[in-house]
Amino acid sequence: MINLFYFPKNRVKALVSTDSGIKDFRGKNGLYKEKNYMGYEPEEILSIDFFLSHTDIFNKYIEEKMMINDIKPNPGHKALAELEKMGKVKAVITQNIDNLHQEGGSKKVLELHGTLKDWYCLKCGKRANRRFDCECGGVVRPRVTLYGEMLDEKVTDAAISEIKKADTLIIIGTSLTVYPAAYYINYFRGKNLVIINETPTSQDHIATLVIRDNFSKVFSETLEILKNN
């Protein structure tokens with residue numbers, strides 16, 4: 001996942017949602033470690049072909065493994081929103097699909113992979129914030145990018161534009177292994193690249209600063225420091 005947070009003359013990116021109780025995908029206890037669900041692997045289930053051919057299994061997997069409607073923003077999300085209000089954070093670019101940045105108060109959020117908080121009917125277009133049975137009998141899906149689908153071009157263009165404008169880019173909580181988003185680091189031309197992650201990443205060697213710590217802790221402490229200065 002790539003969460004990019006930009007500070008104005010410092011521009012900010014995060015394992016952000018795990019502190020709220022959401023499983024990540026590739027961590028040691030992540031969803032992809034569970035290799036068999038009703039005879040299928042997670043990467044197969046989360047593909048457009050599987051959704052279209054096995055919609056019931058897809059929906060069951062989402063409800064059992066990825067349901068997010070009762071998950072709340074953590075202190076790190078709220079700290080980012082406060083930093084935005086202070087004029088310090090200019091944008092959040094995220095691969096997360098949980099909508100927690102918005103619920104935490106952030107205003108400018110670019111969701112590269114969409115969100116599980118927006119479901120719509122492929123037949124009539126009716127929308128809701130969770131899965132529903134549509135009266136028209138159409139198939140309902142989440143507004144997320146599945147394997148085999150292209151990312152939203154408008155969102156990716158906006159994300160790349162923000163990265164190009166950054167003076168300091170902070171990458172938080174990502175393995176930097178998911179493409180094409182992991183490639184976006186190559187658009188950064190600023191002065192400082194900061195990586196905050198609890199485990200090593202493939203780009204640590206080019207970072208100005210590497211912090212091995214927890215997202216919520218780092219940004220909550222950052223907020224307090226800025227408030228007191």
Note, Leu193 side chain near Ile206 side chain (heavy atom, < 4.5 Å): yes

Contacts of Lys107 that satisfy salt bridge (charged side-chain N to carboxylate O under 4.0 Å, His left out) - sequence neighbours left out: none

Enclosure of Asn186 CG (heavy-atom neighbours >12, cutoff 6.0 Å): yes

Side chain to side chain contact (heavy atoms under 4.5 Å, CB included) assessment of Leu80 paired with His101: CA-CA 8 Å; Leu80 278 173; His101 285 296; 3.9 Å; yes

Residues that Asp152 engages under side-chain contact (heavy atoms from CB on, under 4.5 Å), provided they are two or more places apart: Lys154, Val155

Glu135, CD: over 12 other non-hydrogen atoms inside 6.0 angstrom: no

Residues in side-chain hydrogen bond (donor to acceptor under 3.5 Å, both in side chains) contact with Lys191, at least two apart in sequence or another chain: none

Residue list, side-chain hydrogen bond (donor to acceptor under 3.5 Å, both in side chains) with Glu149, at least two apart or on another chain: Arg141

Residues in salt bridge (charged side-chain N to carboxylate O under 4.0 Å, His left out) contact with Glu44, at least two apart in sequence or another chain: none

Any residue meeting side-chain contact (heavy atoms from CB on, under 4.5 Å) with Ile225, in chain and number order, not counting sequence neighbours: Asn229

For Phe219 against Ala79, the heavy-atom pair lying closest together: O-CB, 3.5 Å

All side-chain contact (heavy atoms from CB on, under 4.5 Å) counterparts of Asn59, not counting sequence neighbours: Thr55, Trp119, Arg131

Residues that Lys78 engages under salt bridge (charged side-chain N to carboxylate O under 4.0 Å, His left out), provided they are two or more places apart: none

Nearest non-hydrogen partners of Val144 and Leu116, listed with the distance: CG1-N, 3.8 Å

Residues which pass salt bridge (charged side-chain N to carboxylate O under 4.0 Å, His left out) with Asp204, listed by chain and number, not counting sequence neighbours: Arg212

Listed partners of Arg189 passing side-chain hydrogen bond (donor to acceptor under 3.5 Å, both in side chains), at least two apart: none

Under the side-chain hydrogen bond (donor to acceptor under 3.5 Å, both in side chains) test, residues paired with Glu153 that sit two or more places apart: none

With His113 via side-chain contact (heavy atoms from CB on, under 4.5 Å) - residues at least two apart: Gln95, Ile97, Leu151, Val178

